[in-house]
Every structure is written in structure tokens, then in C-alpha cells.
Amino acid sequence: MKTPLLDEALALDAADPLAGERSLFAIPRDTNGKEVAYFTGNSLGLMPHAARDAVKQELDDWATLAVDAHLHGANPWFAYHERFRETGARLVGARPGEVVMMNGLTANLHLMLASFYQPRGIRTKILVEDALFPSDDYAVESHLAHRGLDPREHTIRLAPRAGEDTLRTEDIVGSIERVGDTLALVMLAAVQYRTGQWFDMPAITAAGHGVGAMVGWDCAHAAGNVPLQLHDCDADFAVWCGYKYCNAGPGAIAGCFVHERHGDNPDIPRLAGWWGNDPATRFKMESGFVPRPGADGWQLSNPPILAMAPLAASLEIFDRVGMAALREKSLKLTGFLERAVLGVAPGARIITPSDPAQRGCQLSIAFGERARAVRDALQAQGVVADFREPDIVRLAPVPLYNTFADCARAAAAIAEVTGKALA
Ligand SMILES: *Cc1c(COP(=O)(O)O)cnc(C)c1O
């Protein structure tokens, strides 16, 4: 059905310089054979068609070259992770050598906590958010338990003020200053998974360093979504996964950032493996770990090539388009969705900050008692969204493959529940 909102959306799509990128992705179809409006790229990003060929290439090299593909494959396996040295760094605003793609997110978080959580004397505490993602919570708790420290006593948990949904920067900084020289580590999500809030990373990192603590960021919902500046914001470490906005497939290989001031310090304690050892001596099979410089020195095992191939296909797209151009479209797309949703559901409460500088593309919308009806209407109209108890619908318009028309379609489905016209 043509509506003023859809007309506007179609005009915006026609003028969108990134509109062509959508054709690089496989878009699932609904039961009527129509492409869905996919708003859950914050959970599992869509498949770049090139991922298929990238995996096939490695299977073919395995079939035809076997062990020789380590040195003579199309993308020699021996140095496979180095394919991401530049592209991985550019994705998150890091310098080459500060980023390595390896393992899963939680595994990388454990490796980083082993290195950067070093309780000494009274400096034992870890500051986190109360609404921490469970896996991060378990990781932090287990590191405290590992050092014989009671997690309840040594974890500071930040919650929003009464009646508010998100944390204020001044409150986070105030807490850091209050914990002061008992604070060993600040570990926060860069973009909060439930509210979509993007924290003020430079200010919080500076506050942590100001009291002598380390600062690490979980960028699971930030990498590939917002233009991160991990080097310039001076983070000590960061981790992220490859399957959300990074579009590298289910359970994809994850990212890890170590600031260069630590990467070249062989004295940082770490859990080591042979792939983090200097490649010149790796095959001498001698004892005595000699880390290779940079984030590469935290690698454990030889990389799972079949799992890394889709990441190469995906990062090629990010690198060609660039985070700056993606952000520019993302601001327009998310702003359009926000306006469209509020237009048809004036009573809905968007708990994501309305300030575009404090969010990426995700909008978390509290629909109150109409939440389930909205979820059902979205589903019936081929709009893929995610529902969180008690009443939150999360919609993440992703600039690489979502359209303004997708946003109009979501608004039309919501309008069926609220009975409002699409103005
Ligand atoms: C998605 C997500 C995870 C998931 O962890 P995996 O190790 O990738 O399974 C962890 N933490 C946060 C904050 C997340 O958003």
C-alpha cells in the first residue's frame, strides 16, 4: 500500500549512495516468497554471498594441496590471520598490529582478563555494569574466583538512576573516582546490548586511567556498527564477536585489540600458545615462550581456516565502504526509523538514547502492554525483529543491507496494532 511514509522511504533509497551494497548479501524470504525486512543484524548479520566462495576456496586448497596449502594455498594458511592485520584494525580504529582475529568473544575476554586484571594490594576491584551480558559476567566472576577473591566483594556494579533506562557518563566517571585506588579494571560494553546505548569511551577510559586502573571494552554490539577509535580512546584492550554486525557467520571468529603500548611488552603476563610465539622460532619446538609483538602474541592455536574465510569476505566489504560512510547512512536510517515508529506509536518509549552520538543503529522500544501484539504484527508482515521481556522490541537497521523501505514496512506493521495512519 502506498503511503506518504513509504513514498519518502523510496525516495531516500533512490538517493542512497550505499543502496547497491544490499545485493552483496543473501536476504531471507518470508512464507510468501518476499524478502524479509531483517532488523536482527545485531544478533546474526546476513551472509555476504562472497562468503560461500571464500569457504569453497579453502576447501579446494585442502582437497588439492593439503599440507602444502600452508605455504602455497591461494591464501597461505601459515599466515592466514595476517589477512586481517589492516582490515581488522581499520574496522575498529586501531593501528596495524593492535588487532588479531581469533577464537570466540568470551575466550578472548578470558585471555584479556588473564593479562590485564592484575589485582595487587588494595587494588582488586572490577567495575562493570549491573546489566552486564551474562557471558561477560561469568568471565569476570570466574577470574575473581580464580584469584581467590569473592566476586560479590570485588565487583562494583553500575545501575541507571531510579526511573532511568541508561547510565549517565557523569555517574560512571563519579563511580570510578569513588572506587579510586582500589579499582584494578573497568570493563564495560561499548554499546549496551539491551538499550543500544553507546558509552562515552574516551571520557570513561580517561577516568579509569586517572585512578590507575586498566580499561577494557566489550565491543560485541559496537564493532561494525559505530565508528570506534580504540587506539585514540586509549583503551587497554577490547574484544568483539564476528557474527553480529560483522556478518562473518554463526559462531564466527572474534576480534581482540591490545593497545600497542602493551603489545610490545613481553612482560605482560598471558596465557600462551605456540601461535603467539615468534614465527621464526615456532617450529624449533624449544621451550621458552617468545611472544611475537602486538596482539598477535596472544594467539593460542593455528587458526581455523574454514571459519576465518567468511570473515575475509565480510571485512573486504567493510574496508571498501568504510565505517565513515556506513555511519553517515546509519544516522539517517536510524533517525528515519525512530521518526516513523514514534509517528505510528506516540505512546511507545524508546529506551535507546535519542542523542545519535550515544547510539548506533539499534533502537530498543518499550511498547508496554501492546508489545506482544506488535511482535506478532511485525512477524506477520515479514519484519524480523527481536523481543526481550517484558516489553522491549529491538530493531537494528543495518546500513549495509537495510533500506528506508524496510523501516516504513516496520512502521506499517506497528500501525496495524496502534491504529494510527502512516503520515
Ligand atoms: C553477543 C555477546 C556475547 C556472546 O559471546 P560469545 O563468546 O560470542 O558467544 C558476549 N558478550 C556480549 C556483550 C555480547 O553482546
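Counting convention: from 1, in listed order, for ligands and their atoms alike. Values reported hereafter were calculated over all heavy atoms of this structure, with side chains retained and with hydrogens, waters and symmetry mates removed.
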Please step through salt bridge (Lys or Arg N to Asp or Glu O under 4.0 Å) for the pair Arg372 and Glu389, ending with a clear verdict.
-> CA-CA 10 Å; Arg372 278 163 210 285; Glu389 294 292 344; 3.0 Å; yes
Candidate pair Leu333 and Val398, rule side chain to side chain contact (heavy atoms under 4.5 Å, CB included), full reasoning | CA-CA 8 Å; Leu333 198 60; Val398 169; over 6 Å; no
Evaluate salt bridge (Lys or Arg N to Asp or Glu O under 4.0 Å) for Arg292 paired with Asp296, printing each intermediate quantity in order.
-> CA-CA 6 Å; Arg292 54 199 294 170; Asp296 285 5; 3.7 Å; yes
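Between Glu35 and Arg22, at least one side-chain N (NZ, or NE/NH1/NH2) sits under 4.0 Å from a carboxylate O, which counts as a salt bridge.
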Give one line per pair: atom of ligand 1, protein atom, distance. Only N/O to N/O under 3.5 Å.
unit_1, atom_1, unit_2, atom_2, d
ligand 1, 5 (O), Thr106, OG1, 3.4
ligand 1, 7 (O), Thr106, N, 2.9
ligand 1, 7 (O), Thr106, OG1, 2.6
ligand 1, 8 (O), Tyr243, OH, 2.6
ligand 1, 11 (N), Asp136, OD1, 2.6
ligand 1, 11 (N), Asp218, OD2, 3.3
ligand 1, 15 (O), His221, NE2, 3.1
ligand 1, 15 (O), Lys244, NZ, 2.5

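When all heavy atoms of Gly263 and Val258 are compared, the closest pair comes out as N-CG1, 3.9 Å.
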Indicate every side-chain donor-acceptor pair of residues 244-255 with a distance under 3.5 Å to a residue at least two apart or in another chain.
unit_1, atom_1, unit_2, atom_2, d
Lys244, NZ, His221, NE2, 3.4
Asn247, ND2, Tyr245, O, 3.4

